[in-house]
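The block underneath contains the structure these notes are about, expressed in structure tokens.
Letters A, B, ... are given to chains in the order of the sequence lines, protein chains preceding strands, and every chain is numbered from 1.
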Number of protein chains: 2
Amino acid sequence: MNLTLDRISSVPLYAQIHGEIRRQIEADQLKAGAAVPSERELAEICKVSRMTARQALNALKNEGFVYQERGIGTFVAKRKLDVHTRNLIGFTEEMRGRGLTPSTKILLARRENAAQEVAQELGIETADEVFHFQRLRLADDSPLAFEDAFLPVKHFPDLDAKNLENESLYKILETEYGVAMRRAEEILEATCASKEIARALAIKPKSALLIVHRVVFSESNLAVESVRTFYRADRYRATFVLTKNAV
Amino acid sequence: MNLTLDRISSVPLYAQIHGEIRRQIEADQLKAGAAVPSERELAEICKVSRMTARQALNALKNEGFVYQERGIGTFVAKRKLDVHTRNLIGFTEEMRGRGLTPSTKILLARRENAAQEVAQELGIETADEVFHFQRLRLADDSPLAFEDAFLPVKHFPDLDAKNLENESLYKILETEYGVAMRRAEEILEATCASKEIARALAIKPKSALLIVHRVVFSESNLAVESVRTFYRADRYRATFVLTKNAV
DNA sequence: TCATATAAGTGGTCTAGTCCACCAAATCAT
DNA sequence: ATGATTTGGTGGACTAGACCACTTATATGA
């Protein structure tokens with residue numbers, strides 16, 4: 001276990017440790033079942049306090065990369081799923097993580113008054129305007145999902161003028177508007193494809209679809225986006241890691 | 001904010017603080033947007049160190065109950081969902097949390113040799129025996145889900161003799177075998193109902209179903225259960241809270 | 001030989017601080 | 001009045017310890 005930390009960097013020490021160990025697990029240098037240095041060992045190796053080392057291991061535990069047994073030690077968990085946990089990431093990033101090439105075709109992009117439900121989800125008035133985007137999401141040039149998204153106009157003026165076809169939406173929000181995603185609430189449900197969506201996704205009507213309805217909140221707890229994504233059930237499954245106590 | 005801690009209790013102080021604040025939020029005594037005591041204030045109120053108070057607030061943040069803004073403070077988040085976060089809980093507990101009365105009808109309970117896929121999921125050999133349970137899950141006496149579960153025999157001898165119809169499986173595993181759930185990996189996908197499942201759930205064939213495939217691990221990282229639950233899409237939606245950094 | 005005590009190591013919890021970047025409101029100088 | 005500066009409060013990161021419950025292996029005793 002070799003670990004060199006950059007103490008000048010703005011990246012916190014625990015995050016550096018976490019990242020390095022995670023990298024080694026993902027690269028299979030640390031194999032499933034292998035012992036990870038104990039909290040005290042890790043602290044000694046990295047010349048940090050035990051609490052800092054512990055914070056790094058804790059994050060790995062919450063993500064399901066390692067498990068800890070009191071009195072025994074810390075070990076690399078068997079990972080059956082290719083989940084990178086359920087971190088809040090956008091479509092582009094998620095597809096790249098799965099080794100697929102994402103692309104997007106914009107089907108609709110306009111301003112409109114917020115519908116009752118959308119207004120409530122975004123915490124705005126029905127008189128307020130929202131951007132309404134419909135996008136076809138492709139992975140390796142084959143249709144994967146149909147997306148229906150709403151964003152409040154007042155927080156993102158001129159968003160419709162940006163290059164949504166080739167840039168990640170979340171990246172645009174962060175770089176152009178300085179709004180970073182922090183938290184999201186998701187509802188997953190199943191449904192059968194309507195004729196319109198079936199045609200867009202090149203599947204038979206009444207095929208199974210996985211609907212992911214997501215409301216995204218920024219660092220300052222502003223509702224940023226309400227989006228429903230209709231995934232082809234034959235090409236997409238959502239993966240999660242649950243833990244008993246998120247503490 | 002009144003908070004009395006039991007310092008003799010085996011429940012950690014941070015867990016007591018976390019539980020009490022969470023209770024107040026769920027009881028709407030702390031309303032959305034209201035300020036929660038700052039880390040230093042909370043430490044002072046509870047007569048604990050700031051790190052301990054911080055740990056309690058951190059857990060609440062990860063669960064989506066509060067959000068924090070640097071330089072400003074900690075505030076109660078708006079909760080649109082009745083999610084109890086992505087905590088690992090069983091069917092019985094989940095239904096009670098949603099205000100429904102759960103019940104179970106056992107359709108099949110037998111020992112059999114593990115199929116290839118199940119053996120791999122549970123980390124056992126195909127020669128090993130597993131319990132195979134099929135259960136119909138009802139909420140308020142109406143069919144909600146069909147469940148297909150596999151548990152390794154060697155860790156739970158005589159499990160088939162227990163009262164599975166009326167007791168929570170996870171409770172039995174904990175009280176009778178001393179095995180507590182710690183972590184689970186879940187895959188959610190959509191499908192159309194087969195004739196058999198449609199009949200069991202009292203729906204039309206080809207209706208949409210949400211499949212939740214869950215592999216549960218114990219505190220000592222033992223694969224305890226592999227279960228596929230087929231939920232009626234018209235009666236069940238899965239809800240999650242995602243955060244950007246699980247740290 | 002076999003049970004029992006002991007020591008060393010582990011994660012879990014907790015303390016009492018420190019320094020930093022950030023924000024808001026009050027204050028001060030122009 | 002207004003713009004700049006100070007001040008106090010916030011969360012974020014980090015330290016260097018402490019005690020506990022738990023496990024395992026080793027040594028000790030009957």
Side-chain angles (χ1 to χ4, degrees), chain A residues 5-19 21 34-62 65-77 178 180 182-183 219-221 243-247, chain B residues 5-19 21 34-62 66-77 178 180 182-183 218-221 243-247:
Chain A
L5 301 185
D6 179 358
R7 287 187 173 263
I8 295 128
S9 161
S10 67
V11 179
L13 297 177
Y14 74 84
Q16 292 183 42
I17 299 171
H18 164 264
I21 297 180
V36 169
S38 76
E39 298 179 348
R40 288 171 180 83
E41 277 174 17
L42 198 55
E44 176 60 29
I45 292 170
C46 301
K47 304 294 177 203
V48 298
S49 76
R50 189 183 149 205
M51 288 297 282
T52 302
R54 183 177 168 77
Q55 197 173 354
L57 292 178
N58 226 15
L60 289 167
K61 184 169 66 175
N62 285 336
F65 281 105
V66 304
Y67 62 97
Q68 295 186 302
E69 286 190 82
R70 177 191 293 219
I72 315 277
T74 303
F75 307 92
V76 179
R182 166 71 200 183
R183 188 169 64 83
E219 298 280 357
S220 48
N221 208 43
T243 48
K244 185 127 188 211
N245 292 310
V247 184
Chain B
L5 300 185
D6 178 358
R7 288 190 172 260
I8 293 127
S9 161
S10 66
V11 178
L13 298 176
Y14 74 84
Q16 292 183 43
I17 300 171
H18 165 264
I21 297 180
V36 169
S38 75
E39 297 179 350
R40 288 171 181 83
E41 276 174 18
L42 197 55
E44 176 60 29
I45 293 169
C46 301
K47 306 295 179 201
V48 297
S49 76
R50 190 185 150 203
M51 286 296 281
T52 302
R54 184 177 167 78
Q55 197 173 355
L57 292 178
N58 227 15
L60 289 166
K61 184 170 64 174
N62 285 336
V66 304
Y67 63 96
Q68 295 186 301
E69 286 190 82
R70 179 191 293 219
I72 316 276
T74 304
F75 306 93
V76 179
R182 167 69 201 182
R183 188 169 64 84
S218 71
E219 298 281 358
S220 48
N221 208 44
T243 48
K244 186 132 188 205
N245 291 310
V247 184

Pairwise side-chain contact, A:I17 with A:V48, heavy-atom cut-off 4.5 Å (strictly under): yes
Distance, rounded to the nearest Å, where A:N58 contributes CG and C:dT13 contributes P: 9 Å
hbond_proxy A:R40 side chain to C:dG11 base (donor-acceptor, 3.5 Å cutoff): yes
Separation of B:N58 CG from B:Q68 CD (nearest 0.5 Å): 6.5 Å
Shortest non-hydrogen contact from A:L57 toward A:E39: CD1-CG, 3.7 Å
Any A:S38 side-chain nitrogen or oxygen under 4.0 Å from OP1 or OP2 of C:dT10: yes
Contact under 4.0 Å: B:Y14 side-chain N or O vs C:dC14 OP1/OP2: no
D:dG11 phosphate, OP1 or OP2, under 4.0 Å from B:T74 side-chain N/O: yes
Closest to side chain of A:K61, choosing from C:dG17, C:dC14, C:dG12: C:dG12
5′-ward residue of the pair B:M51/A:P37 relative to DNA chain C: A:P37
Side chain of A:I72 (C-beta onward), nearest among C:dT10, D:dT24, D:dT10: D:dT24
Length of the OH-C1' vector between B:Y67 and D:dG11, whole Å: 14 Å
Length of the CD-P vector between A:Q55 and C:dG12, whole Å: 14 Å
Closest-nucleotide 5' rank along DNA chain D - winner of B:Q68 and A:R70: B:Q68
Gap between atom CG of A:L13 and atom CZ of A:R7 - 0.5 Å precision: 5.0 Å
Under-4.0 Å side-chain N/O to phosphate OP1/OP2 contact, A:T52 with D:dC14: no
Sugar-phosphate only, base, or nothing, as touched by A:L57 at under 4.0 Å among non-hydrogen atoms: nothing
Which nucleotide in D:dA13, D:dT23, C:dG12 has an atom nearest any side-chain atom of A:E39: C:dG12
CZ-CZ distance between A:R54 and A:R40, expressed to the nearest 0.5 angstrom: 9.5 Å
